[in-house]
Structures are given as structure tokens and as C-alpha cells.
Student: 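This structure is in C-alpha cells; I'll ask about it shortly.
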Amino acid sequence: MITKAKEPFMSQVRLRFAPSPTGFLHVGGARTALFNWLLARKQNGKFILRIEDTDVARSTQQSVDAILEGMTWLGLDWDEGPFYQSDNFPLYKEYVQKLLDAGKAYKCYCSAEELEAKREKALQEGGKPKYDGTCRNLPPAEDGRPYVVRFKAPQEGSTSWNDLIKGRISFENAELDDLIIQRTDGTPTYNFVVVIDDATMGITTVIRGDDHVNNTPRQILLYEALEVPVPAFAHVPMILGADKARLSKRHGATSVMAYRDMGFLPEALVNYLVRLGWSCGDEEIFSLDDLIQKFSIENVGRSAGVFNTEKLLWLNAHYIKNGDVKRLAGLLVPFMKERGVDPEKGPELSAVVKTLLERAKTMLELADGALFYYQEELAYDEKGVAKFFNADTAGLLTLLVDKLSGVERLDAPSIEAVFKEICEEKGIKLGQIGPAVRLALSGSTASPGIYEMIEVLGLDETRTRIQRAIKQLVG
RNA sequence: GGUCCCAUCGUCUAGUGGUUAGGACACCGGCCUUUCACGUCGGUAACAGGGGUUCAAGUCCCCUUGGGAUCACCA
């Protein structure tokens, strides 16, 4: 019944991500999108974005924007779309009519209230709450009464498919009832619309959450009624919280963009998400390009997985450690400004970032760690001061500044040489001067390496900080 | 309740009839070290239970148990 639509698409795979715009892009949706995107890219097919907004009341443009922002941030670009189902209402109506004309659908005049009552009753009696077929064989009538259109589903036999992830799944048709494909107000319902869209868009493989498994047999029956090819299905297990309940806000953030705001890198989230349910031998680290090579839907696991922030954190730390300092510095700017610091005023941010790479698991930690480089007044760690500042400290620090001033090219090796020289001359160990310098420069007992800090701060700022520390802490 | 799905360390997983059941995160120890980290070396830790099939079962079959999804004029 859907004519010619398949022709132009026969030779390539076409996948789609079809979120409903009723909220942000959450991590579960992002993973589904990622799997679709990967398969499309791997097989040189097309990745299509479709917005399922047939529920006009709950859909918002704001949600659409949020979803697109999330996709873009993750690096998942789409080849076609975004298409909006709300633009296709006439098309859906046309197909409803075709089904009606072919006797494969019928008008049902039962009211929502009646149906609800029947459902309740059936449930209470321990029966199945399915439609009882009251209007299934009614003679056609045009008397103006409100009606919904139901799909006349076969009542015998079974419907099955070979799920790319779960294997063969089969349902008895007797378990299925006649689903509503058009509401009283004339708008189409989800299960019908997905089929029409996937068919007309030439979707070859449907990868979606496994909460759709139960919808699949009905949809297959619809494809068959429409006489169009049935796509392959792959149902991705869902993501659980630490208590093994479906991941939700009470487990923490679920929105993709919230992870950006918490200082996660998109490549870390992508890497984490793909490994949640999929693996490739003993490998843990995957770039998007690696994944395009290595990903396969058949290797996605069948069981649900627990979202584990610790591992995400580890991956994030990995990508920070190995990241390009210039890029990281750029990404860090908004976090610095959030903390009231203008990174333009002070040491080069990328040089600062370089000293912090191995000490930060998130961009938030990176920003916090970078703060002292840009602050005039440091809050010196009291315990540290008590422990590392004594009668000799001022003299040693002054000597250090003197010697540093004489160094031609102030870099880590030359700075280290200065420290060694002082230790030899004074017959002391590094521990007798290092911690004090660290305190003077950073205010803290935990910081990047002393030599690195001096190099990044520069001679003038180093001198200023040391003198200020002497004045405040010794004098 | 009906239907459908799932089940290897705490977590993510490898395993496709014969393995000392492997890796990763986390955790615990050693080493490295100017702090904090990083790194590195090592350690603790799993086949839900019961029946089969087989010379041999984490791997195949059945049952039990436990989890989950879904049963809308929502998507």
C-alpha cells in the first residue's frame, strides 16, 4: 500500500533515533542514539533524526532544542531531519483510511469510560484487560457518533522476529488486541505512526529501548497489513540505577547536558555509555572513530546494566589526562568564569591546565585546582603553615627568590637546579623548603609540582607571592 | 495477574562443551615521589538454586527462585 517508498533506499542501511520531546536527552536515550549512529556510520548508511511529537499536549520546542543540543554535544550528527511527526498528520490519516477501506481497520464507538470500566473489571477478575471486540464486526455506519479507529489484528497464529540483540522473540496473536490507531479527535497514535514513518522513511533497522519489545508484534502486524517490508529490530536493554531500579532523577543526573555541567567530557560519556552493554575483548578506551570500526549490534548484551558513576569518572579522568591542553583550556573558561575568575588576567590557561591534568577527574576539579593561579589573596592552609613555616623559612625563601632572579631561562629543570643548590649550600633536605614554597605559591599543601608552578607563575608573580607569604606568615 | 525479557566478582563485562573462569572500575597493600595526584606491581572478589543431556557444562535443555518490561484514545 505504501508505493515505491523503498526503492531509493534499497542499497543502504537507514537508521533513526526517534525521541519524544517531553524532556531533556537522557543517558538512556543518548545510548540508543549512539548505537543507531554507530551502525549507520559503520555501514555507510544514513542516520535520521525524527521527533515523535504526536502527543501535542506534552511536546515542547524547548525539549526539541535540548535534545538537539545533547546530540550535538556528544558528536552525533544526523544526515536527515529532524522530521516532526506533527507535520505528517494528513499522511497518517490517509493510511488510516486505506486500512479502513481494505477492511483491515474498523471504527469503534466504545467510549473511553466504558473501556476503562471493562478493563478494571477484567483485571479484578484476574482476566486479561484487552479490548473485547465489541465493535469489531459492526456494519459500517455514518451516524456522526464519535469513534476511534482500531486495527483489526489477526486473532490466530503467532508473530515473531529475530531480534538483533535478544534473539528470537515470539508472541501469540491471541494475546494481542485491536489497538487504536486513530483517536476520537482524529489524531493518530504512536504504534501506528512509528510504522508509517519507519516504512515511508525506508528505515531498515530499528534500534530502540527494550521497553518497546511488547509493541513490536503489533507493529509487525501493521507492516504486514500495509504490505511493506518489516525492518530488522534490535532492542537495547535499559539502564539501571545503583539499586537496580530503572535509572531516574533520584539516582542522580540523567540528563546528558547535566553531565557536561558536572564537568564531564563528551568523549568520556560516549565511551562510558557504549561500554555499558557492549564490549570488544578487553578494550576499555574507544574514540568515536574506533567505535565506527569496532561496534557491532550483535555484541550488545541482553541484560540491563547499572549506571556506575565511578567508572565514568575514571574515563573522564583518562580523557582529561590525555586531552589536548588547548582544547581543555577552552572548555574550562566558562567554569572559571563561574568561579568569578577571568583567565585572561593571569597565567596562560593552557599552561595552567597542563600542570593540573593528572590531578582532575572532572572539569570542575580542574577549575577548582586552577583557581589559585589567578587569586591575589590566598587562604593559606593553617595546619600546613604551622607545620612548614619556622624561624628559618623566611631566610630560605628569600634566598630562593634571589637565586631564581639570576636564572636566565626559568623552566622546570633550571628551577629544580636552584632548589638542589640551596639544599646543598644549606645542608638541608628538599622537605625543609619545598612545602613552604608550595604553601606560599598555592596556599595549599596539595598542588601541582613546585617547579611547574613557578614556571607557570613566572618570576615576578613567584616573587610577589613569596614576599607576601613571608610578610603574612613569618613577619 | 497475563504476556515477554533477563541472570558470571559490589559494578561493567570476556567466555560460545575441556580455562588456574580473563579484563576494567571500585576497594586493599607494595613501589615511585617535593605535596596531592599520576604511574606501576600485587591482592580480595563471581558462574542464583535444582534437575537433566554429555566422557566433560558458566557454556545445551527443563524447572525453581529472583529481577525487569509491558498490558492507555502516552510515546
Side-chain angles (χ1 to χ4, degrees), chain A residues 18-22 52-55 57-59 85 108 110-112 115-116 119 122-130 146-150 163 166-167 169-172 174-177 179-191 193-194 209-217 235 237-238 240 242 244-246 272 275-285 299 301-315 317 321 356-361 365 369 384 388 416 419 423 429-439 442 444-451:
Chain A
S20 60
T22 53
E52 312 234 309
D53 59 349
T54 51
D55 184 356
R58 293 201 306 155
S59 301
Q85 293 185 320
C108 169
C110 300
S111 73
L115 293 171
E116 185 58 32
R119 219 176 354 254
L123 228 34
Q124 273 179 5
E125 290 169 357
K128 299 172 191 182
K130 47 181 276 193
Y147 65 87
V148 298
V149 177
R150 281 183 190 272
D163 197 277
K166 306 233 178 207
I169 299 179
S170 185
F171 285 80
E172 290 299 322
E175 296 295 334
L176 279 20
D177 60 0
L179 84 162
I180 293 173
I181 59 178
Q182 186 178 91
R183 303 185 182 94
T184 308
D185 66 4
T187 58
T189 58
Y190 169 76
N191 279 107
V193 167
V194 205
D210 72 359
D211 48 332
H212 287 285
V213 166
N214 293 283
N215 289 328
T216 307
H235 289 96
M238 55 177 212
L240 274 22
K244 305 230 174 181
R246 187 185 202 125
Y272 178 71
R275 274 287 288 107
L276 184 51
W278 174 84
S279 63
C280 183
D282 286 344
E283 290 182 74
E284 292 289 346
I285 305 297
N299 287 334
R302 309 119 310 246
S303 54
V306 174
F307 191 91
N308 182 233
T309 311
E310 295 295 326
K311 187 151 185 182
L312 207 209
L313 236 17
W314 172 75
L315 280 163
K321 246 178 298 181
L356 265 5
L357 251 27
E358 289 175 345
R359 286 162 244 268
K361 284 182 157 57
E365 289 182 14
F388 299 116
E416 182 176 6
F419 274 85
C423 288
K429 293 197 170 175
L430 194 53
Q432 288 171 262
I433 179 172
V437 176
R438 181 186 312 287
L439 242 356
S442 72
S444 169
T445 54
S447 79
I450 297 169
Y451 314 141

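First the proteins, then the strands, lettered A, B, ... as listed; each starts at 1. All values below come from the heavy atoms of this structure, side chains included, with hydrogens, waters and symmetry mates left out. What you see is a predicted model, and the numbers here were worked out from it, not measured in a lab.
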Student: Would you kindly give the OH-to-P distance between A:Tyr190 and B:U70, to the nearest whole Å?
Tutor: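 From A:Tyr190 OH to B:U70 P: 12 Å.
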Student: Determine: side-chain N/O of A:Thr189 to OP1/OP2 of B:C73, distance under 4.0 Å, yes or no.
Tutor: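 Answer no for this pair, as no side-chain N or O of A:Thr189 is under 4.0 Å from OP1 or OP2.
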Student: Provide the Watson-Crick or G-U wobble partner of B:A48, both distances under 3.5 Å; none if there is no partner.
Tutor: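 Result: B:U64.
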Student: When the P atoms of B:U16 and B:A72 are considered, how many whole Å apart are they?
Tutor: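 The answer is 43 Å between these two P atoms.
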Student: Using atom types as modelled and distance alone, determine if a side-chain donor or acceptor of A:Tyr272 lies under 3.5 Å from a backbone N or O of A:Thr309.
Tutor: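 It does not hold such a pair.
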Student: Pairing check on B:A75: which nucleotide meets the Watson-Crick or G-U wobble criteria with it, both distances under 3.5 Å?
Tutor: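 Result: none.
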Student: In terms of side-chain heavy atoms of A:Ile169, which of B:C5, B:A69, B:C38 is nearest?
Tutor: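 The closest nucleotide is B:C5.
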Student: Would you say that A:Leu356 contacts A:Pro448 through its side chain, given a criterion of any heavy-atom pair below 4.5 Å between the two side chains?
Tutor: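 Yes; the side chains approach each other to less than 4.5 Å.
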Student: Starting at CG of A:Asp210 and ending at P of B:C4, how long is that distance when rounded to a whole Å?
Tutor: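 Result: 15 Å.
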Student: Taking any heavy-atom pair under 4.0 Å as a contact, classify A:Cys423: base, sugar-phosphate, or nothing.
Tutor: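 Here A:Cys423 touches no strand at all.
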Student: Nearest whole Å is fine: how far is B:U13 P from A:Tyr272 OH?
Tutor: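 Value for this atom pair: 8 Å.
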Student: So which one's nearest nucleotide on RNA chain B is more toward 5', A:Phe171 or A:Lys244?
Tutor: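 Going by which nucleotide is closer to the 5' end, it is A:Phe171.
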Student: As a test of reading the structure: which of B:A75, B:U35, B:G2 is closest to the side chain of A:Arg359, going by heavy atoms?
Tutor: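 Minimum distance to the A:Arg359 side chain belongs to B:U35.
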Student: Using a 4.0 Å heavy-atom cut-off, does A:Ser170 contact any base of the nucleic acid, only the sugar-phosphate backbone, or nothing at all?
Tutor: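 The answer is sugar-phosphate, as A:Ser170 gets under 4.0 Å only of primed atoms, P, OP1 or OP2.
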Student: For residues A:Pro217 and A:Leu176, determine if any side-chain heavy atom of one lies less than 4.5 Å from a side-chain heavy atom of the other.
Tutor: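 Side chain of A:Pro217 against side chain of A:Leu176, heavy atoms only: contact under 4.5 Å found.
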Student: Between A:Thr189 (side chain only) and A:Ile180 (backbone N and O only), is there a donor and an acceptor less than 3.5 Å apart?
Tutor: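 Such a contact is found between A:Thr189 side chain and A:Ile180 backbone.
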Student: How does each nucleotide of nucleotides 19-34 of chain B score, in 5' to 3' order, for protein heavy atoms under 4.0 Å: base (B), sugar-phosphate only (S), or none (-)?
Tutor: ---BBBSS-------B
Student: Once you apply the 3.5 Å cut-off to both distances, tell me the Watson-Crick or G-U wobble partner of B:G2, or none.
Tutor: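 Pair assignment: B:G2 / B:U70.
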Student: Nearest whole angstrom, please: distance from the P of B:C4 to the NZ of A:Lys130.
Tutor: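 Going from NZ in A:Lys130 over to P in B:C4 covers 13 Å.
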Student: Have A:Ser447 and A:Arg438 got a donor and an acceptor in their side chains that come within less than 3.5 Å?
Tutor: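 Judged by distance alone, the side chains do pair up.
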Student: Decide yes or no for A:Val213 and A:Ile169: does some side-chain heavy atom of the first lie under 4.5 Å from some side-chain heavy atom of the second?
Tutor: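 A side-chain contact exists here, since the closest heavy-atom pair is under 4.5 Å.
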Student: Is there a side-chain contact between A:Arg359 and A:Glu365 in this structure, where contact means two heavy atoms from C-beta onward sitting under 4.5 Å apart?
Tutor: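 No, their side chains stay 4.5 Å or more apart.
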Student: Do any N or O atoms from the side chain of A:Ser442 and from the backbone of A:Ser444 form a donor-acceptor pair under 3.5 angstrom?
Tutor: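 Indeed, once roles are kept as given, a pair shorter than 3.5 Å links the two residues.
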Student: So A:Val148, base contact, sugar-phosphate only, or nothing? Heavy-atom distance under 4.0 Å.
Tutor: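 Contact class for A:Val148: base.
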Student: Listed by chain and number, what are the side-chain hydrogen bond (donor to acceptor under 3.5 Å, both in side chains) partners of A:Thr216, not counting sequence neighbours?
Tutor: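 A:Arg208, A:His235.
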Student: In Watson-Crick or G-U wobble terms, both distances under 3.5 Å, what is the partner of B:U20?
Tutor: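 Per the H-bond distance test, none.
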Student: Kindly point out which of B:G39, B:A69, B:A7 is positioned nearest to the side chain of A:Lys321?
Tutor: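 Out of B:G39, B:A69, B:A7, the nucleotide with an atom closest to A:Lys321's side chain is B:G39.
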Student: For nucleotides B:U8 and B:C55, find the distance between their P atoms and express it as a whole number of Å.
Tutor: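 Nearest-Å result for B:U8 against B:C55 at atom P: 29 Å.
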Student: Quiz question: going by heavy-atom distance under 3.5 Å, is there a donor-acceptor pair between the base of B:C73 and the side chain of A:Thr184?
Tutor: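 Between B:C73 and A:Thr184, which were checked side chain against base, a qualifying N/O pair under 3.5 Å is present.
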Student: Give the nucleotide from the list B:U3, B:C73, B:A69 with an atom nearest to the side chain of A:Leu115.
Tutor: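 Among the listed nucleotides, the one closest to the side chain of A:Leu115 is B:C73.
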Student: Mind checking A:Asn191 for me? I need base, sugar-phosphate or nothing, with any heavy atom below 4.0 Å counting as a touch.
Tutor: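 Base: the residue A:Asn191, judged by heavy atoms under 4.0 Å, touches a nucleobase.
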Student: Suppose we define a pair by two distances each less than 3.5 Å, Watson-Crick or G-U wobble; what does B:A57 pair with here?
Tutor: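 By the stated definition (distances under 3.5 Å), nothing pairs with B:A57.
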Student: Tell me what A:Ser447 touches on the nucleic acid: a base, only sugar-phosphate, or nothing, going by heavy atoms under 4.0 Å.
Tutor: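 Base: the residue A:Ser447, judged by heavy atoms under 4.0 Å, touches a nucleobase.
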Student: Send over the distance from A:Asn214 CG to B:A72 P, rounded to a whole Å.
Tutor: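 Going from A:Asn214 (CG) to B:A72 (P), I get 11 Å.
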Student: If I pick the C1' atom on B:C60 and the same atom on B:G17, what distance separates them, to the nearest angstrom?
Tutor: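 Looking at atom C1' only, B:G17 and B:C60 are 8 Å apart.
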Student: Between P on B:U35 and CZ on A:Phe419, what's the gap in Å once rounded to a whole number?
Tutor: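 Whole-Å distance recorded here is 13 Å.
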Student: Whole angstrom is fine here: how far is it from CD in A:Glu172 over to P in B:C71?
Tutor: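 My rounded result for the distance is 20 Å.
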Student: Please determine whether the number of non-hydrogen atoms from other residues, nucleotides or ligands lying under 6.0 Å from atom NZ of A:Lys166 exceeds 12.
Tutor: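 Count over threshold, so yes.
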Student: Provide the distance between the two C1' atoms, one in B:C6 and one in B:G43, to the nearest whole Å.
Tutor: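 It works out to 32 Å between them.
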Student: Need one value for A:Asn215: base, sugar-phosphate or nothing, where a base atom within 4.0 Å counts as base even if backbone is also close, heavy atoms only.
Tutor: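 Base contact - A:Asn215 has a heavy atom under 4.0 Å of at least one base atom.
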Student: Ignoring backbone atoms, test whether A:Arg302 places a side-chain nitrogen or oxygen under 4.0 Å from the OP1 or OP2 oxygen of B:C5.
Tutor: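 Indeed not, no polar side-chain atom of A:Arg302 lies that close.
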Student: Please tell me which of A:Phe307 and A:Arg246 maps to the more 5' nucleotide of RNA chain B, matching each residue to the nucleotide holding its nearest heavy atom.
Tutor: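 Upstream on the strand: A:Phe307.
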Student: Determine the Euclidean distance between corresponding C1' atoms of B:A14 and B:A21; express it in Å to zero decimal places.
Tutor: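 Roughly 10 Å separates the two C1' atoms.
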Student: Considering every strand shown, what is the Watson-Crick or G-U wobble mate of B:U40 when both distances are under 3.5 Å?
Tutor: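 Per the H-bond distance test, B:G30.
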Student: Determine the Euclidean distance between corresponding C1' atoms of B:G15 and B:A7; express it in Å to zero decimal places.
Tutor: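 The same atom, C1', in both gives a distance of 15 Å.
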Student: Rounded to whole Å, how long is the line connecting atom CG of A:Leu357 with atom P of B:G39?
Tutor: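 Going from CG in A:Leu357 over to P in B:G39 covers 12 Å.
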Student: Please report the distance separating the P of B:C61 from the corresponding atom of B:G18, rounded so that it comes out in whole Å.
Tutor: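 It comes out at 16 Å once rounded to the nearest Å.
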Student: Under 3.5 Å, is there a donor-acceptor pair linking the side chains of A:Thr187 and A:Asp185?
Tutor: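 Side-chain D/A pair, A:Thr187 to A:Asp185: present.
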Student: When rounded to the nearest Å, what value does the distance between C1' atoms of B:A69 and B:C47 take?
Tutor: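 Those two atoms are separated by 25 Å.
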Student: Compare the minimum distances between each of B:A75, B:C12, B:A69 and the side chain of A:His212, then state the nucleotide with the smallest one.
Tutor: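 From the listed options, B:A75 comes nearest.
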Student: If you compare every side-chain N and O of A:Thr54 against the phosphate oxygens of B:A75 (OP1, OP2), does one of them come in below 4.0 Å?
Tutor: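 So the side chain of A:Thr54 is within the cut-off, an N or O lying under 4.0 Å from OP1 or OP2 of B:A75.
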